[in-house]
Amino acid sequence: MRALPPTLFLATLPLAAVLTGCGSAAPPAAPSPAPARQAAAAEPTPAGAACGDVRGPGGKTAKVVAHGKVDCAQAVKLFAGYFAKLPPEAARSATGAGPLALGEWTCGSGPGDPVTTCSTEDDRQVSATTAG
């Protein structure tokens, strides 16, 4: 094979560059947006909205309240899960129950406090008050 003269070789470079870009492959797809967080999809609840009752420690009724950025269905489900996972000795602890992590939520209460609070890093908050 004969080598091309340098001037002819340089003249063919732009054509080679154009041809290498002529593929049949589709351009890469744009990245899809990140999925919306469940909290963002939740209808905001008025601060202090009563959401319903769940079974609390020792079978007592706990009244669930949502505070803003979380819907009542999520708040009730969260406390049902919390009280089901809370060990009985933790519920009776002199230092308070918890903290107990449930996904992105952290729940607990102070010593002798009938109010249990769950919160997230993005300031969502719910509470449940257990009747004496």
**Complete:** OG of Ser127 to NZ of Lys63, rounded to nearest 0.5 Å, is 12.5 Å

**Prompt:** Within a strict 4.5 Å, meaning less than it, do heavy atoms of the Pro57 and Thr130 side chains meet?
**Reply:** yes

**Request:** Calculate, to the nearest 0.5 Å, the distance between atoms OG1 and NZ belonging to Thr129 and Lys60 respectively.
**Result:** 13.0 Å

**Prompt:** Say you draw a straight line from OG1 of Thr120 to CD of Gln125; how long is it, rounded to the nearest 0.5 Å?
**Reply:** 9.0 Å

**Steps toward side-chain contact (heavy atoms from CB on, under 4.5 Å) verdict (Leu78, Val126)** = CA-CA 9 Å; Leu78 175 66; Val126 294; 3.5 Å; yes

**Prompt:** Which pair of non-hydrogen atoms, one from Ala75 and one from Val70, has the smallest distance, and what is that distance?
**Reply:** N-CG2, 4.4 Å

**Request:** Group every Ile, Leu, Val, Met, Phe, Trp and Tyr by side-chain heavy-atom contacts under 4.5 Å, then state whether Val54 and Leu102 land in the same group.
**Result:** yes

**Prompt:** Looking at residues at least two apart in the chain, or sitting in another chain, which of them share a side-chain contact (heavy atoms from CB on, under 4.5 Å) with Glu89?
**Reply:** Pro87, Arg92

**Check: Arg55 and Thr61 side chains under 4.5 Å, non-hydrogen atoms** = no

**Prompt:** What's the shortest heavy-atom distance between Leu86 and Ala91, and which atoms?
**Reply:** CD2-CB, 3.7 Å

**Message:** With disulfide bond (SG atoms under 2.5 Å apart) as the rule and sequence neighbours excluded, what pairs involving residues 82-127 come up?
**Reply:** Cys107-Cys118

**Separation between SG of Cys51 and NE2 of His67, rounded to the nearest 0.5 Å** = 8.5 Å

**Message:** To the nearest 0.5 Å, what is the distance between OG1 on Thr106 and CG on Leu100?
**Reply:** 8.5 Å

**Request:** Could you tell me whether the side chain of Gln74 reaches within less than 4.5 Å of the side chain of Arg124, counting heavy atoms only?
**Result:** yes

**Message:** According to ring-ring contact (aromatic ring centres under 6.0 Å, His included), does anything in residues 81-124 pair up with another residue at least two apart or in another chain? List the pairs.
**Reply:** Phe79-Phe83

